[in-house]
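Order of the sequence lines sets the chain letters (A, B, ...), proteins ahead of strands, with each chain counted from 1. Remember, it's a predicted structure, so these values are computed and weren't measured experimentally.
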Number of protein chains: 2
Amino acid sequence: MKTVSTAEAWTGTADCRNCAIRQSVLFARLDEPDFDAIHRQIDQYTFSPGSIVYSQDDAADAIFTIRTGLVKLTQYLPDGTQRIVRLLQSTDVIGLEALMLDRYEHAATALHTTEVCRIPSSVVRELLQRKPQLFNDLMARWHRAVSDCDRVITELSTGPARARVVRLLLWLAERKGDRQCDLFSREDLGALLGLTTETVSRTMAELKRQGWITEPRINLIVCDIDRLRAALG
Amino acid sequence: MKTVSTAEAWTGTADCRNCAIRQSVLFARLDEPDFDAIHRQIDQYTFSPGSIVYSQDDAADAIFTIRTGLVKLTQYLPDGTQRIVRLLQSTDVIGLEALMLDRYEHAATALHTTEVCRIPSSVVRELLQRKPQLFNDLMARWHRAVSDCDRVITELSTGPARARVVRLLLWLAERKGDRQCDLFSREDLGALLGLTTETVSRTMAELKRQGWITEPRINLIVCDIDRLRAALG
DNA sequence: CGCCCTGTTGATACGATTCAAATATCGTGG
DNA sequence: CCACGATATTTGAATCGTATCAACAGGGCG
(Lines give C-alpha, C1' and ligand atoms only; values in the text may rest on other atoms or scores of the structure.)
Protein backbone atom coordinates (compact mmCIF):
# COMPACT_ATOMS: atom_id res chain seq x y z
CA MET A 1 0.00 0.00 0.00
CA LYS A 2 1.07 3.48 -0.81
CA THR A 3 1.90 5.56 2.20
CA VAL A 4 0.82 9.16 1.79
CA SER A 5 4.41 9.77 1.07
CA THR A 6 4.79 13.42 1.62
CA ALA A 7 3.35 16.14 3.74
CA GLU A 8 2.64 19.74 3.18
CA ALA A 9 4.99 22.44 4.32
CA TRP A 10 4.08 25.87 5.56
CA THR A 11 6.12 28.37 3.62
CA GLY A 12 5.18 31.64 5.22
CA THR A 13 2.43 34.21 5.14
CA ALA A 14 1.45 35.50 1.77
CA ASP A 15 3.12 38.45 0.15
CA CYS A 16 0.04 39.46 -1.76
CA ARG A 17 1.41 42.74 -3.03
CA ASN A 18 4.20 41.03 -4.88
CA CYS A 19 2.24 37.97 -5.87
CA ALA A 20 3.25 36.73 -9.29
CA ILE A 21 -0.30 35.78 -10.20
CA ARG A 22 -1.93 38.68 -8.46
CA GLN A 23 -3.81 39.91 -11.49
CA SER A 24 -5.42 36.50 -11.99
CA VAL A 25 -6.35 35.86 -8.43
CA LEU A 26 -9.69 36.01 -6.69
CA PHE A 27 -8.69 39.23 -4.98
CA ALA A 28 -7.26 40.82 -8.10
CA ARG A 29 -9.41 43.90 -7.73
CA LEU A 30 -8.47 44.72 -4.17
CA ASP A 31 -6.06 47.57 -3.58
CA GLU A 32 -3.05 47.98 -1.35
CA PRO A 33 -4.81 48.82 1.92
CA ASP A 34 -6.98 45.78 1.55
CA PHE A 35 -4.03 43.52 0.99
CA ASP A 36 -2.27 44.99 3.99
CA ALA A 37 -5.28 44.15 6.08
CA ILE A 38 -5.54 40.54 5.06
CA HIS A 39 -2.22 39.18 3.97
CA ARG A 40 -1.22 38.18 7.50
CA GLN A 41 -4.13 35.81 7.62
CA ILE A 42 -3.17 34.14 4.38
CA ASP A 43 -0.70 31.31 4.65
CA GLN A 44 1.25 29.70 1.87
CA TYR A 45 1.85 25.98 1.71
CA THR A 46 3.69 23.68 -0.60
CA PHE A 47 2.33 20.22 -1.25
CA SER A 48 4.40 17.55 -2.86
CA PRO A 49 2.86 15.10 -5.32
CA GLY A 50 0.43 12.74 -3.64
CA SER A 51 -0.12 14.84 -0.55
CA ILE A 52 -3.54 15.91 0.50
CA VAL A 53 -4.68 19.52 0.63
CA TYR A 54 -7.90 18.52 2.34
CA SER A 55 -10.03 15.40 2.60
CA GLN A 56 -13.68 14.87 1.90
CA ASP A 57 -15.72 15.72 5.04
CA ASP A 58 -12.86 17.64 6.63
CA ALA A 59 -13.92 20.76 8.51
CA ALA A 60 -14.03 23.49 5.87
CA ASP A 61 -12.96 26.91 7.01
CA ALA A 62 -10.76 28.12 4.18
CA ILE A 63 -10.51 28.31 0.41
CA PHE A 64 -7.26 27.80 -1.46
CA THR A 65 -5.77 29.57 -4.43
CA ILE A 66 -3.39 27.45 -6.45
CA ARG A 67 -0.25 29.39 -7.25
CA THR A 68 1.56 26.64 -9.12
CA GLY A 69 1.03 22.95 -9.68
CA LEU A 70 -1.86 20.63 -10.35
CA VAL A 71 -4.57 19.35 -8.03
CA LYS A 72 -7.24 16.69 -8.41
CA LEU A 73 -10.64 16.84 -6.77
CA THR A 74 -12.04 13.39 -6.08
CA GLN A 75 -15.26 11.99 -4.81
CA TYR A 76 -15.96 8.52 -3.57
CA LEU A 77 -18.82 6.45 -4.91
CA PRO A 78 -20.90 4.36 -2.54
CA ASP A 79 -19.05 1.28 -3.78
CA GLY A 80 -15.72 2.70 -2.68
CA THR A 81 -14.25 3.52 -6.07
CA GLN A 82 -13.14 7.04 -6.57
CA ARG A 83 -13.64 9.36 -9.46
CA ILE A 84 -11.78 12.55 -10.25
CA VAL A 85 -14.35 15.24 -10.87
CA ARG A 86 -12.04 18.15 -11.65
CA LEU A 87 -8.45 19.09 -12.34
CA LEU A 88 -7.29 22.47 -11.07
CA GLN A 89 -4.13 24.43 -11.67
CA SER A 90 -2.53 27.82 -11.39
CA THR A 91 -4.92 30.66 -10.47
CA ASP A 92 -7.76 28.23 -9.80
CA VAL A 93 -9.57 28.26 -6.48
CA ILE A 94 -10.48 25.09 -4.63
CA GLY A 95 -12.73 24.56 -1.65
CA LEU A 96 -15.25 27.28 -2.48
CA GLU A 97 -17.87 25.27 -0.64
CA ALA A 98 -16.14 26.40 2.58
CA LEU A 99 -18.13 29.62 2.15
CA MET A 100 -21.39 27.69 2.36
CA LEU A 101 -20.84 24.44 4.20
CA ASP A 102 -18.78 23.30 7.12
CA ARG A 103 -17.33 20.24 5.38
CA TYR A 104 -15.43 19.84 2.16
CA GLU A 105 -17.27 17.85 -0.45
CA HIS A 106 -14.22 16.49 -2.21
CA ALA A 107 -10.73 15.37 -1.43
CA ALA A 108 -8.09 17.66 -2.94
CA THR A 109 -4.78 15.99 -3.70
CA ALA A 110 -1.65 17.44 -5.28
CA LEU A 111 -0.70 15.70 -8.50
CA HIS A 112 2.39 17.80 -9.05
CA THR A 113 4.32 19.89 -6.58
CA THR A 114 1.77 22.53 -5.71
CA GLU A 115 1.93 25.87 -3.95
CA VAL A 116 -1.28 27.22 -2.51
CA CYS A 117 -2.48 30.22 -0.56
CA ARG A 118 -4.88 29.34 2.20
CA ILE A 119 -7.50 32.02 2.68
CA PRO A 120 -9.77 31.59 5.72
CA SER A 121 -13.47 31.82 4.94
CA SER A 122 -13.77 34.55 7.54
CA VAL A 123 -11.42 36.73 5.51
CA VAL A 124 -13.50 36.28 2.39
CA ARG A 125 -16.65 37.10 4.28
CA GLU A 126 -15.16 40.24 5.80
CA LEU A 127 -13.97 41.42 2.43
CA LEU A 128 -17.37 40.75 0.96
CA GLN A 129 -18.85 43.08 3.54
CA ARG A 130 -16.46 45.85 2.72
CA LYS A 131 -16.18 45.33 -1.03
CA PRO A 132 -19.40 44.01 -2.48
CA GLN A 133 -17.89 44.06 -5.95
CA LEU A 134 -16.01 40.97 -4.85
CA PHE A 135 -19.32 39.21 -5.47
CA ASN A 136 -18.64 39.28 -9.15
CA ASP A 137 -15.21 37.76 -8.80
CA LEU A 138 -16.49 35.04 -6.56
CA MET A 139 -19.34 34.30 -8.89
CA ALA A 140 -16.86 34.09 -11.75
CA ARG A 141 -15.03 31.40 -9.78
CA TRP A 142 -18.21 29.42 -9.30
CA HIS A 143 -18.91 29.79 -12.94
CA ARG A 144 -15.48 28.50 -13.82
CA ALA A 145 -16.09 25.50 -11.61
CA VAL A 146 -19.29 24.70 -13.47
CA SER A 147 -17.57 25.14 -16.84
CA ASP A 148 -14.82 22.81 -15.76
CA CYS A 149 -17.39 20.22 -14.73
CA ASP A 150 -19.16 20.55 -18.05
CA ARG A 151 -15.91 19.90 -19.78
CA VAL A 152 -15.22 16.80 -17.73
CA ILE A 153 -18.65 15.50 -18.69
CA THR A 154 -18.65 16.31 -22.36
CA GLU A 155 -15.00 15.81 -23.26
CA LEU A 156 -13.49 13.47 -20.70
CA SER A 157 -16.40 11.16 -19.92
CA THR A 158 -17.89 10.77 -23.38
CA GLY A 159 -16.92 8.60 -26.30
CA PRO A 160 -14.27 5.93 -26.78
CA ALA A 161 -11.06 5.74 -24.77
CA ARG A 162 -8.85 7.18 -27.47
CA ALA A 163 -10.99 10.28 -27.89
CA ARG A 164 -11.02 10.91 -24.15
CA VAL A 165 -7.28 10.59 -23.82
CA VAL A 166 -6.67 12.82 -26.84
CA ARG A 167 -9.06 15.50 -25.60
CA LEU A 168 -7.32 15.49 -22.25
CA LEU A 169 -3.87 15.85 -23.79
CA LEU A 170 -5.05 18.67 -26.03
CA TRP A 171 -6.68 20.38 -23.10
CA LEU A 172 -3.58 20.18 -20.93
CA ALA A 173 -1.34 21.35 -23.75
CA GLU A 174 -3.71 24.21 -24.51
CA ARG A 175 -3.77 25.33 -20.90
CA LYS A 176 -0.02 25.23 -20.87
CA GLY A 177 0.07 27.17 -24.13
CA ASP A 178 2.49 24.62 -25.40
CA ARG A 179 2.85 21.35 -27.25
CA GLN A 180 3.80 19.73 -24.01
CA CYS A 181 1.99 18.62 -20.95
CA ASP A 182 2.98 17.18 -17.62
CA LEU A 183 1.06 14.04 -16.98
CA PHE A 184 0.42 12.02 -13.86
CA SER A 185 -0.20 8.42 -12.95
CA ARG A 186 -2.12 6.12 -15.25
CA GLU A 187 -4.37 5.31 -12.35
CA ASP A 188 -5.37 8.95 -11.95
CA LEU A 189 -5.80 9.29 -15.68
CA GLY A 190 -8.21 6.39 -15.49
CA ALA A 191 -10.11 7.91 -12.59
CA LEU A 192 -10.45 11.13 -14.54
CA LEU A 193 -11.50 9.55 -17.82
CA GLY A 194 -13.70 6.81 -16.41
CA LEU A 195 -11.39 4.09 -17.73
CA THR A 196 -9.14 1.43 -16.24
CA THR A 197 -5.42 2.01 -15.88
CA GLU A 198 -4.76 -0.76 -18.39
CA THR A 199 -6.91 0.87 -21.03
CA VAL A 200 -5.21 4.21 -20.49
CA SER A 201 -1.82 2.56 -20.70
CA ARG A 202 -2.69 0.78 -23.92
CA THR A 203 -4.16 3.91 -25.45
CA MET A 204 -1.09 5.97 -24.64
CA ALA A 205 1.12 3.26 -26.08
CA GLU A 206 -0.88 3.29 -29.27
CA LEU A 207 -0.69 7.08 -29.58
CA LYS A 208 3.08 6.79 -29.27
CA ARG A 209 3.23 4.07 -31.89
CA GLN A 210 1.25 6.28 -34.25
CA GLY A 211 3.74 9.04 -33.60
CA TRP A 212 1.10 11.46 -32.37
CA ILE A 213 2.81 11.89 -29.03
CA THR A 214 6.27 11.33 -27.64
CA GLU A 215 7.38 10.99 -24.06
CA PRO A 216 10.96 12.29 -23.82
CA ARG A 217 10.90 12.24 -20.05
CA ILE A 218 8.60 10.20 -17.93
CA ASN A 219 5.19 11.89 -17.64
CA LEU A 220 6.25 14.63 -20.01
CA ILE A 221 4.20 14.32 -23.16
CA VAL A 222 4.91 16.21 -26.36
CA CYS A 223 1.88 16.34 -28.59
CA ASP A 224 1.54 16.62 -32.32
CA ILE A 225 -1.39 18.95 -31.86
CA ASP A 226 -2.60 18.97 -35.45
CA ARG A 227 -2.61 15.24 -35.81
CA LEU A 228 -4.27 14.74 -32.47
CA ARG A 229 -6.98 17.19 -33.50
CA ALA A 230 -7.40 15.39 -36.80
CA ALA A 231 -7.68 12.10 -34.95
CA LEU A 232 -10.78 13.39 -33.18
CA GLY A 233 -12.51 13.68 -36.54
CA MET B 1 -37.33 15.27 -39.30
CA LYS B 2 -38.72 16.37 -36.01
CA THR B 3 -40.20 19.82 -36.06
CA VAL B 4 -39.72 21.63 -32.79
CA SER B 5 -43.27 20.73 -32.20
CA THR B 6 -44.39 23.13 -29.59
CA ALA B 7 -43.74 26.65 -28.51
CA GLU B 8 -43.71 28.39 -25.23
CA ALA B 9 -46.65 30.39 -23.99
CA TRP B 10 -46.55 33.52 -21.89
CA THR B 11 -48.84 32.99 -18.94
CA GLY B 12 -48.75 36.35 -17.22
CA THR B 13 -46.57 38.26 -14.84
CA ALA B 14 -45.53 36.48 -11.70
CA ASP B 15 -47.59 36.56 -8.56
CA CYS B 16 -44.60 36.21 -6.30
CA ARG B 17 -46.47 36.78 -3.07
CA ASN B 18 -48.67 33.80 -3.61
CA CYS B 19 -46.05 31.67 -5.27
CA ALA B 20 -46.45 28.02 -4.34
CA ILE B 21 -42.71 27.46 -4.18
CA ARG B 22 -41.87 30.84 -2.73
CA GLN B 23 -39.98 29.45 0.24
CA SER B 24 -37.69 27.44 -2.01
CA VAL B 25 -36.99 30.08 -4.55
CA LEU B 26 -33.93 32.20 -5.12
CA PHE B 27 -35.73 35.20 -3.66
CA ALA B 28 -37.10 33.35 -0.68
CA ARG B 29 -35.66 35.82 1.78
CA LEU B 30 -37.11 38.94 0.25
CA ASP B 31 -40.07 40.58 1.91
CA GLU B 32 -43.32 42.02 0.60
CA PRO B 33 -42.08 45.44 -0.50
CA ASP B 34 -39.32 43.82 -2.49
CA PHE B 35 -41.71 41.51 -4.24
CA ASP B 36 -44.01 44.40 -5.03
CA ALA B 37 -41.12 46.18 -6.65
CA ILE B 38 -40.03 43.36 -8.89
CA HIS B 39 -42.90 41.06 -9.68
CA ARG B 40 -44.00 43.13 -12.66
CA GLN B 41 -40.72 42.43 -14.34
CA ILE B 42 -41.00 38.70 -13.86
CA ASP B 43 -42.89 36.83 -16.53
CA GLN B 44 -44.19 33.33 -16.37
CA TYR B 45 -44.01 30.96 -19.30
CA THR B 46 -45.13 27.43 -19.95
CA PHE B 47 -43.07 25.20 -22.17
CA SER B 48 -44.39 21.98 -23.56
CA PRO B 49 -42.16 18.93 -23.88
CA GLY B 50 -39.48 19.39 -26.51
CA SER B 51 -39.68 23.15 -26.65
CA ILE B 52 -36.65 25.27 -26.06
CA VAL B 53 -36.28 27.67 -23.14
CA TYR B 54 -33.10 29.08 -24.63
CA SER B 55 -30.43 27.92 -27.05
CA GLN B 56 -26.69 27.78 -26.70
CA ASP B 57 -25.20 31.17 -27.68
CA ASP B 58 -28.50 32.98 -27.38
CA ALA B 59 -28.28 36.45 -25.90
CA ALA B 60 -28.45 35.93 -22.14
CA ASP B 61 -30.30 38.59 -20.20
CA ALA B 62 -32.39 36.59 -17.78
CA ILE B 63 -32.31 33.65 -15.42
CA PHE B 64 -35.20 31.23 -15.04
CA THR B 65 -36.69 29.58 -12.00
CA ILE B 66 -38.40 26.29 -12.74
CA ARG B 67 -41.78 26.16 -11.03
CA THR B 68 -42.80 22.75 -12.30
CA GLY B 69 -41.52 20.29 -14.84
CA LEU B 70 -38.16 19.00 -15.99
CA VAL B 71 -35.49 20.65 -18.13
CA LYS B 72 -32.33 19.34 -19.74
CA LEU B 73 -29.19 21.39 -20.26
CA THR B 74 -27.23 20.24 -23.27
CA GLN B 75 -23.93 21.08 -24.84
CA TYR B 76 -22.68 20.19 -28.28
CA LEU B 77 -19.36 18.52 -28.83
CA PRO B 78 -17.18 19.61 -31.72
CA ASP B 79 -18.26 16.50 -33.61
CA GLY B 80 -21.89 17.52 -33.46
CA THR B 81 -23.14 15.01 -30.94
CA GLN B 82 -24.85 16.41 -27.93
CA ARG B 83 -24.53 15.53 -24.32
CA ILE B 84 -26.90 16.38 -21.49
CA VAL B 85 -24.86 17.93 -18.71
CA ARG B 86 -27.61 18.51 -16.17
CA LEU B 87 -31.24 17.81 -15.37
CA LEU B 88 -33.16 20.52 -13.54
CA GLN B 89 -36.57 20.54 -11.95
CA SER B 90 -38.84 22.40 -9.59
CA THR B 91 -37.16 25.22 -7.62
CA ASP B 92 -33.96 24.92 -9.67
CA VAL B 93 -32.55 27.94 -11.44
CA ILE B 94 -31.21 27.80 -14.98
CA GLY B 95 -29.21 30.29 -16.95
CA LEU B 96 -27.19 31.68 -14.04
CA GLU B 97 -24.42 32.51 -16.47
CA ALA B 98 -26.63 35.38 -17.64
CA LEU B 99 -25.31 37.26 -14.63
CA MET B 100 -21.76 36.97 -15.96
CA LEU B 101 -21.83 36.48 -19.70
CA ASP B 102 -23.92 37.75 -22.55
CA ARG B 103 -24.54 34.35 -24.11
CA TYR B 104 -26.00 31.16 -22.70
CA GLU B 105 -23.55 28.31 -22.56
CA HIS B 106 -26.09 25.53 -22.90
CA ALA B 107 -29.33 24.84 -24.61
CA ALA B 108 -32.21 24.43 -22.17
CA THR B 109 -35.04 22.22 -23.35
CA ALA B 110 -38.22 21.19 -21.59
CA LEU B 111 -38.49 17.43 -21.15
CA HIS B 112 -41.88 17.59 -19.45
CA THR B 113 -44.41 20.38 -19.46
CA THR B 114 -42.54 23.08 -17.62
CA GLU B 115 -43.52 26.34 -16.01
CA VAL B 116 -40.80 28.89 -15.46
CA CYS B 117 -40.41 32.40 -14.12
CA ARG B 118 -38.18 34.57 -16.24
CA ILE B 119 -36.18 37.00 -14.11
CA PRO B 120 -34.19 39.60 -16.02
CA SER B 121 -30.55 39.83 -15.00
CA SER B 122 -31.05 43.51 -14.31
CA VAL B 123 -33.59 42.69 -11.62
CA VAL B 124 -31.17 40.34 -9.93
CA ARG B 125 -28.42 42.92 -10.04
CA GLU B 126 -30.64 45.62 -8.60
CA LEU B 127 -31.71 43.37 -5.78
CA LEU B 128 -28.11 42.46 -5.08
CA GLN B 129 -27.38 46.14 -4.61
CA ARG B 130 -30.19 46.61 -2.16
CA LYS B 131 -29.99 43.28 -0.38
CA PRO B 132 -26.44 41.97 -0.30
CA GLN B 133 -27.53 38.95 1.67
CA LEU B 134 -29.04 37.73 -1.57
CA PHE B 135 -25.52 36.85 -2.51
CA ASN B 136 -25.59 33.89 -0.20
CA ASP B 137 -28.66 32.55 -1.92
CA LEU B 138 -27.11 33.07 -5.30
CA MET B 139 -23.95 31.33 -4.22
CA ALA B 140 -26.04 28.44 -2.93
CA ARG B 141 -27.48 28.12 -6.43
CA TRP B 142 -24.06 28.01 -7.99
CA HIS B 143 -23.08 25.44 -5.45
CA ARG B 144 -26.09 23.35 -6.30
CA ALA B 145 -25.10 23.51 -9.94
CA VAL B 146 -21.65 22.19 -9.14
CA SER B 147 -23.07 19.44 -6.96
CA ASP B 148 -25.40 18.43 -9.74
CA CYS B 149 -22.49 18.27 -12.15
CA ASP B 150 -20.49 16.16 -9.73
CA ARG B 151 -23.38 13.78 -9.54
CA VAL B 152 -23.65 13.50 -13.29
CA ILE B 153 -19.95 12.67 -13.42
CA THR B 154 -19.75 10.20 -10.57
CA GLU B 155 -23.13 8.50 -10.81
CA LEU B 156 -24.39 8.91 -14.34
CA SER B 157 -21.18 8.76 -16.36
CA THR B 158 -19.33 6.07 -14.46
CA GLY B 159 -19.57 2.30 -14.54
CA PRO B 160 -21.60 -0.11 -16.64
CA ALA B 161 -24.88 0.76 -18.31
CA ARG B 162 -27.05 -1.00 -15.77
CA ALA B 163 -25.53 0.87 -12.85
CA ARG B 164 -25.97 4.22 -14.56
CA VAL B 165 -29.60 3.59 -15.38
CA VAL B 166 -30.34 2.34 -11.88
CA ARG B 167 -28.64 5.32 -10.25
CA LEU B 168 -30.66 7.66 -12.43
CA LEU B 169 -33.95 5.97 -11.57
CA LEU B 170 -33.14 6.02 -7.88
CA TRP B 171 -32.16 9.66 -8.10
CA LEU B 172 -35.37 10.66 -9.87
CA ALA B 173 -37.50 8.66 -7.48
CA GLU B 174 -35.68 10.15 -4.51
CA ARG B 175 -36.18 13.68 -5.78
CA LYS B 176 -39.83 12.92 -6.25
CA GLY B 177 -40.00 11.42 -2.77
CA ASP B 178 -41.75 8.49 -4.28
CA ARG B 179 -41.27 5.05 -5.80
CA GLN B 180 -42.19 6.52 -9.13
CA CYS B 181 -40.49 8.68 -11.67
CA ASP B 182 -41.51 10.30 -14.90
CA LEU B 183 -39.07 9.40 -17.59
CA PHE B 184 -38.34 10.86 -20.98
CA SER B 185 -37.12 9.61 -24.33
CA ARG B 186 -34.57 6.83 -24.59
CA GLU B 187 -32.49 9.11 -26.75
CA ASP B 188 -32.28 11.71 -23.99
CA LEU B 189 -31.57 9.01 -21.44
CA GLY B 190 -28.67 7.97 -23.62
CA ALA B 191 -27.39 11.53 -23.96
CA LEU B 192 -27.50 11.88 -20.19
CA LEU B 193 -25.85 8.57 -19.38
CA GLY B 194 -23.32 8.55 -22.17
CA LEU B 195 -24.89 5.48 -23.78
CA THR B 196 -26.70 4.72 -27.01
CA THR B 197 -30.48 4.61 -27.12
CA GLU B 198 -30.36 0.91 -27.92
CA THR B 199 -28.31 0.16 -24.85
CA VAL B 200 -30.67 2.16 -22.67
CA SER B 201 -33.64 0.40 -24.18
CA ARG B 202 -32.12 -3.00 -23.59
CA THR B 203 -31.16 -2.14 -20.05
CA MET B 204 -34.64 -0.92 -19.20
CA ALA B 205 -36.13 -4.04 -20.72
CA GLU B 206 -33.88 -6.18 -18.60
CA LEU B 207 -34.78 -4.29 -15.43
CA LYS B 208 -38.43 -4.94 -16.21
CA ARG B 209 -37.80 -8.62 -16.82
CA GLN B 210 -36.04 -8.85 -13.47
CA GLY B 211 -39.01 -7.16 -11.86
CA TRP B 212 -36.95 -4.30 -10.45
CA ILE B 213 -39.18 -1.80 -12.26
CA THR B 214 -42.57 -1.68 -13.90
CA GLU B 215 -43.96 0.77 -16.43
CA PRO B 216 -47.72 1.01 -15.89
CA ARG B 217 -48.02 4.01 -18.19
CA ILE B 218 -45.57 4.98 -20.82
CA ASN B 219 -42.60 6.81 -19.33
CA LEU B 220 -43.95 6.31 -15.83
CA ILE B 221 -41.58 4.02 -13.99
CA VAL B 222 -42.36 2.42 -10.66
CA CYS B 223 -39.21 1.32 -8.90
CA ASP B 224 -38.57 -1.43 -6.42
CA ILE B 225 -36.22 0.84 -4.54
CA ASP B 226 -34.71 -1.77 -2.25
CA ARG B 227 -33.94 -4.21 -4.99
CA LEU B 228 -32.51 -1.50 -7.22
CA ARG B 229 -30.25 -0.42 -4.37
CA ALA B 230 -29.19 -3.98 -3.81
CA ALA B 231 -28.46 -4.36 -7.50
CA LEU B 232 -25.86 -1.62 -7.21
CA GLY B 233 -23.92 -3.75 -4.75
C1' DC C 1 20.59 -6.12 -3.58
C1' DG C 2 15.99 -7.18 -3.28
C1' DC C 3 11.38 -5.61 -2.62
C1' DC C 4 7.41 -2.98 -3.79
C1' DC C 5 4.91 -0.16 -6.66
C1' DT C 6 3.78 1.44 -11.20
C1' DG C 7 3.34 0.69 -15.75
C1' DT C 8 3.15 -2.43 -19.74
C1' DT C 9 1.57 -6.26 -22.35
C1' DG C 10 -1.10 -10.46 -23.45
C1' DA C 11 -5.25 -13.54 -23.61
C1' DT C 12 -9.83 -13.89 -22.78
C1' DA C 13 -14.52 -12.69 -21.50
C1' DC C 14 -17.88 -9.42 -21.20
C1' DG C 15 -20.42 -5.56 -22.49
C1' DA C 16 -21.62 -1.82 -25.56
C1' DT C 17 -22.05 -0.23 -30.21
C1' DT C 18 -23.44 -0.76 -34.75
C1' DC C 19 -26.38 -1.89 -38.42
C1' DA C 20 -30.62 -3.70 -39.64
C1' DA C 21 -35.31 -4.90 -39.16
C1' DA C 22 -39.63 -5.30 -36.82
C1' DT C 23 -42.91 -3.26 -33.81
C1' DA C 24 -45.18 0.23 -31.24
C1' DT C 25 -46.61 4.95 -30.74
C1' DC C 26 -47.78 9.62 -32.05
C1' DG C 27 -49.63 13.15 -34.80
C1' DT C 28 -52.18 14.42 -38.68
C1' DG C 29 -55.42 14.77 -42.17
C1' DG C 30 -59.08 12.48 -44.48
C1' DC D 1 -62.80 8.22 -35.57
C1' DC D 2 -59.84 5.80 -38.22
C1' DA D 3 -55.99 5.24 -41.38
C1' DC D 4 -51.78 6.64 -42.65
C1' DG D 5 -47.11 8.13 -42.46
C1' DA D 6 -43.54 9.59 -39.57
C1' DT D 7 -41.08 8.89 -35.36
C1' DA D 8 -39.63 6.37 -31.42
C1' DT D 9 -38.71 2.07 -29.34
C1' DT D 10 -37.55 -2.62 -29.18
C1' DT D 11 -35.11 -6.60 -30.62
C1' DG D 12 -31.59 -9.35 -33.07
C1' DA D 13 -26.92 -10.57 -34.77
C1' DA D 14 -22.34 -9.41 -35.56
C1' DT D 15 -18.53 -6.55 -34.48
C1' DC D 16 -15.77 -3.79 -31.85
C1' DG D 17 -13.91 -1.99 -27.65
C1' DT D 18 -13.10 -2.24 -22.82
C1' DA D 19 -12.59 -4.73 -18.54
C1' DT D 20 -10.58 -8.37 -16.27
C1' DC D 21 -7.11 -11.43 -14.82
C1' DA D 22 -2.51 -12.59 -15.01
C1' DA D 23 2.28 -12.20 -15.89
C1' DC D 24 6.26 -9.48 -16.44
C1' DA D 25 9.50 -5.39 -16.85
C1' DG D 26 11.41 -1.29 -14.97
C1' DG D 27 12.40 2.22 -11.36
C1' DG D 28 12.72 3.91 -6.80
C1' DC D 29 13.74 3.16 -2.14
C1' DG D 30 15.00 0.96 1.94
Using the rule side-chain contact (heavy atoms from CB on, under 4.5 Å), only one of T203(A), L156(A), V200(A) pairs with L195(A); which is it? V200(A)
Knowing that exactly one of R86(B), Q56(B), E105(B) qualifies, which makes a side-chain contact (heavy atoms from CB on, under 4.5 Å) with L73(B)? R86(B)
Listed by chain and number, what are the side chain to side chain contact (heavy atoms under 4.5 Å, CB included) partners of A98(A), not counting sequence neighbours?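 Checked A98(A) against side chain to side chain contact (heavy atoms under 4.5 Å, CB included); matches are A60(A), I63(A), Y104(A), S121(A).
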CD of E187(A): more than 12 outside heavy atoms within 6.0 angstrom? no
Below the 4.0 Å mark, does dT17(C) have OP1 or OP2 next to a side-chain nitrogen or oxygen of T199(B)?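 So the side-chain polar atoms of T199(B) do come within 4.0 Å of the phosphate oxygens OP1 or OP2 of dT17(C), strictly under.
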Check the phosphate of dA16(C) against T196(B), side-chain N and O only, distance under 4.0 Å to OP1 or OP2. Yes or no? no
Could you list, one pair per line, each protein nitrogen or oxygen that sits under 3.5 Å from a nitrogen or oxygen of nucleotides 19-25 of chain C, together with the distance?
from: dC19(C); atom 1: N4; to: E198(B); atom 2: OE2; distance (Å): 3.3

So, R179(A) and D226(A), do they make that salt bridge, N to O below 4.0 Å?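 No, R179(A) and D226(A) are not salt-bridged.
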Does the pair D92(B) and Q89(B) meet the rule for a side chain to side chain contact (heavy atoms under 4.5 Å, CB included), with working shown? CA-CA 6 Å; D92(B) 285 333; Q89(B) 56 185 206; 4.1 Å; yes
For residues 205-219 of chain B, the salt bridge (charged side-chain N to carboxylate O under 4.0 Å, His left out) pairs (sequence neighbours left out) are R162(B)-E206(B), R186(B)-E215(B), K208(B)-E215(B)
In terms of side-chain heavy atoms, does T199(B) have a donor or acceptor partner in R164(B) at a distance below 3.5 Å?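 Absent: no donor and acceptor within the cut-off.
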Which residues, if any, of residues 158-173 of chain B bring a heavy atom under 4.0 Å of DNA chain C? P160(B), A161(B)
Quick one: which residue pairs count as a side chain to side chain donor-acceptor pair (under 3.5 Å) with a foot in residues 65-74 of chain B, not counting sequence neighbours? T68(B)-E115(B), K72(B)-D188(B)
With axes from five pairs an end, tell me the bend angle of the helix from dC1(C)-dG30(D) to dG30(C)-dC1(D), nearest 10°. 40°
Side chains of V85(B) and C149(B) in contact at under 4.5 Å (non-hydrogen atoms): no
